[in-house]
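Reviewing the structure listed below.
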Amino acid sequence: MSTPFAPLQNDTFLRALRRQPTAYTPVWLMRQAGRYLPEYRATRHRAGSFLGLAKNPDFATEVTLQPLDRYPLDAAILFSDILTVPDAMGLGLYFSEGEGPKFERVLRDEQAVKALRAPDLGSLQYVFDAVTQIRRALGGRVPLIGFSGSPWTLACYMVEGGGSDDYRLVKSMLYQRPDLMHHILRTNAAAVAAYLNAQIEAGAQAVMIFDSWGGTLADGAYQEFSLAYMREVVAQLKREHEGVDIPCIVFTKGGGLWLEQIAAIGAQAVGLDWGVNLADARARVGRQVALQGNLDPAVLFAAPEQIRAEVGKLLQAFGHHDSQSGHVFNLGHGISQFTPPESVTALVEAVHDLSAGYHAAA
């Protein structure tokens with residue numbers, strides 16, 4: 001039997017995702033718990049490694065709460081990594097200093113692909129324990145977001161063995177052996193849906209699917225190899241838990257061309273990168289889904305008055321809210337590790353201050 005969590009004190013983020021009235025535009029940042037914060041770097045040093053940090057619920061809770069203790073953000077996001085799922089599939093995740101994530105075993109041949117299976121969720125229990133622990137530690141301050149990588153984005157890492165500049169290996173498989181690629185993606189979709197549902201059961205109040213590499217695909221290939229499998233995941237997600245609805249956000253970096261198609265897969269909100277005009281995006285899909293985004297993270301290297309001006313431009317672009325609109329302010333991708341922490345203070349203050357005038361009294 002689950003232990004009741006504290007009542008939610010600030011539901012502005014969830015209300016925006018549901019396209020309900022809010023008094024201001026809520027804000028959180030992708031990668032808000034991370035290397036730009038000195039307190040994160042100190043905890044990371046104590047943990048000894050990134051995986052030591054991510055796989056320890058106490059450390060994961062600590063770093064998830066660090067940005068909330070520093071800034072009046074409207075949501076927390078689980079501190080974890082999108083590659084926990086392929087790691088649980090036995091691919092052997094590790095991190096090389098200065099090189100990012102790598103896999104010891106990669107999917108390069110038919111035998112390896114055909115052997116791939118969705119993971120036993122028990123091997124990811126450390127993630128679910130962290131979700132529950134973070135939710136309790138938040139004490140109802142703000143909602144907690146759970147997340148996963150998209151089936152396609154996970155497949156990129158699983159075939160390439162790490163990050164890539166040209167995606168040559170994974171795209172070669174896609175075109176030469178689409179049957180193998182579909183097998184990987186079907187397996188990943190089942191794993192991602194089960195993983196997100198387990199996060200919901202553990203206490204996540206919204207979930208987000210990060211399709212970080214969907215925008216590398218050609219038109220046509222995107223719909224077949226990325227969007228179709230995100231639709232499959234969304235269709236399997238729990239729509240509510242313990243009587244409360246659980247919104248889902250989908251985000252394809254570089255996906256602005258396909259905005260209408262992304263909005264049609266059944267998620268409550270679509271994340272936008274900085275290449276999308278927010279006014280145009282609202283005109284295209286704004287009454288169908290809420291929108292999240294989409295400040296260029298490089299703006300945070302500017303002076304506070306310039307940050308405020310850029311925030312103002314985006315809020316003005318979205319415009320005044322009506323009974324069917326929803327906007328969550330965020331960056332167009334993750335915050336840079338080199339961002340001055342005081343720039344985030346300027347950003348959050350500007351969003352809360354300047355957005356109120358665009359909202360009717362909630």
Side-chain angles (χ1 to χ4, degrees), residues 13 16 25-41 44 50 63-64 66-68 70-82 98 100-101 145 147 149-150 153 163-165 208-216 249-256 259 262 269-281 290-318 327-355:
F13 165 73
T25 301
V27 56
W28 69 278
L29 307 177
M30 289 185 274
R31 295 192 193 139
Q32 65 187 21
R35 293 179 289 176
Y36 73 105
L37 291 177
E39 53 267 43
Y40 169 88
R41 294 194 294 270
R44 162 75 170 72
F50 177 83
V63 296
T64 298
Q66 284 170 349
L68 275 296
R70 194 185 264 262
Y71 313 111
L73 295 156
D74 294 292
I77 184 165
L78 164 70
F79 180 81
S80 187
D81 192 272
I82 64 169
I145 306 165
F147 73 92
S150 72
T153 292
S164 175
D165 293 328
M208 182 161 171
I209 301 169
F210 286 90
D211 186 33
S212 305
W213 308 127
T216 66
I249 308 162
V250 292
F251 171 60
T252 293
K253 186 172 183 289
L259 182 54
I262 296 169
V270 175
L272 306 171
D273 64 33
W274 61 83
V276 178
N277 178 279
L278 198 50
D280 179 54
L291 296 172
Q292 178 175 279
N294 62 335
L295 189 73
D296 182 348
V299 168
L300 295 177
F301 296 115
E305 60 272 18
Q306 292 165 310
I307 294 171
R308 186 178 180 89
E310 293 298 324
V311 166
K313 288 178 188 176
L314 282 183
L315 293 171
Q316 184 178 31
F318 188 89
H327 180 213
V328 174
F329 201 99
N330 207 312
L331 303 177
H333 200 225
I335 189 169
S336 165
Q337 63 174 305
F338 305 109
T339 301
E342 56 272 18
S343 292
V344 178
T345 301
L347 170 66
V348 176
E349 287 178 355
V351 174
H352 286 163
D353 183 25
L354 298 176
S355 68

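Quick note: residue numbers are just sequence positions, from 1.
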Return the set of residues passing salt bridge (charged side-chain N to carboxylate O under 4.0 Å, His left out) with Arg70 (not counting sequence neighbours), or none when no residue passes. Glu39
Kindly write out the residues that satisfy side-chain contact (heavy atoms from CB on, under 4.5 Å) with Pro297, not counting sequence neighbours, or none if the list is empty. Trp274, Leu331
For Ala281, all residues meeting side-chain contact (heavy atoms from CB on, under 4.5 Å), sequence neighbours excluded: Leu259, Leu272, Val276, Leu291
Could you tell me the separation between the CG atom of Leu300 and the CG atom of Leu29, rounded to the nearest 0.5 Å? 7.5 Å
When you look at Met30 and Phe251, which way does the side chain to side chain contact (heavy atoms under 4.5 Å, CB included) test go after all the steps? CA-CA 11 Å; Met30 289 185 274; Phe251 171 60; 4.0 Å; yes
Could you tell me whether a side-chain N or O of Asp273 sits under 3.5 Å from a main-chain N or O of Lys253, the two making a donor and an acceptor? no
Kindly write out the residues that satisfy ring pair (Phe, Tyr, Trp, His ring centres under 6.0 Å) with Phe301, not counting sequence neighbours, or none if the list is empty. none
With distance as the sole test, does Gln337 use its side chain to make a donor-acceptor pair with the main-chain N or O of Arg35 at under 3.5 Å? no
Would you name the heavy atoms of Phe147 and Ile82 that are closest together and state the gap between them? CE1-CG2, 3.7 Å
Correct closest heavy-atom pair for Leu37 and Pro341 would be CD2-CB, 4.3 Å
Which pair of heavy atoms, one from Ala302 and one from Ile307, lies closest together, and at what distance? O-CD1, 3.6 Å
Applying side-chain hydrogen bond (donor to acceptor under 3.5 Å, both in side chains) to His333 and not counting sequence neighbours gives none
Evaluate the side-chain proximity of Tyr36 to Val344: yes if any heavy-atom separation is below 4.5 Å, no if none is. yes
Under the rule for salt bridge (charged side-chain N to carboxylate O under 4.0 Å, His left out), what residues qualify as partners of Glu342, not counting sequence neighbours? none
Taking all heavy atoms of Ala317 and all of Ala279, pick out the closest pair and write down the distance. O-CB, 3.1 Å
Search all heavy atoms of Val27 against all heavy atoms of His352 and return the closest pair with its distance. CG1-NE2, 3.7 Å
Identify, with sequence neighbours excluded, every residue that meets side-chain hydrogen bond (donor to acceptor under 3.5 Å, both in side chains) alongside Asn294. none
Say whether, by atom type as modelled, one donor and one acceptor occur between the side chain of Tyr40 and the main chain of Pro67 under 3.5 angstrom. no
Across all chains, not counting sequence neighbours, the salt bridge (charged side-chain N to carboxylate O under 4.0 Å, His left out) partners of Asp296 are none
For Gln292, check side-chain hydrogen bond (donor to acceptor under 3.5 Å, both in side chains) against everything at least two apart and list the hits. Trp28
What distance do Leu347 atom CG and Ile335 atom CD1 have between them, rounded to the nearest 0.5 Å? 8.0 Å
Applied to residues 297-313, the side-chain hydrogen bond (donor to acceptor under 3.5 Å, both in side chains) test, sequence neighbours excluded, yields Arg308-Asp353, Glu310-Lys313
By side-chain contact (heavy atoms from CB on, under 4.5 Å) - contacts of Ala76 (at least two apart): Thr64, Leu68, Leu138, Val142, Leu144
Kindly give the heavy-atom pair with the smallest separation between Ala16 and His327, and that separation in Å. CB-O, 3.8 Å
Might you work through the side chain to side chain contact (heavy atoms under 4.5 Å, CB included) test for Tyr71 and Gln32, ending with a clear yes or no? CA-CA 10 Å; Tyr71 313 111; Gln32 65 187 21; over 6 Å; no
By side-chain hydrogen bond (donor to acceptor under 3.5 Å, both in side chains), Asp211 pairs with (sequence neighbours left out) Ser150, Thr153, Ser226, Thr252
From Phe329 CZ over to Leu295 CG, what is the distance, rounded to the nearest 0.5 angstrom? 4.5 Å
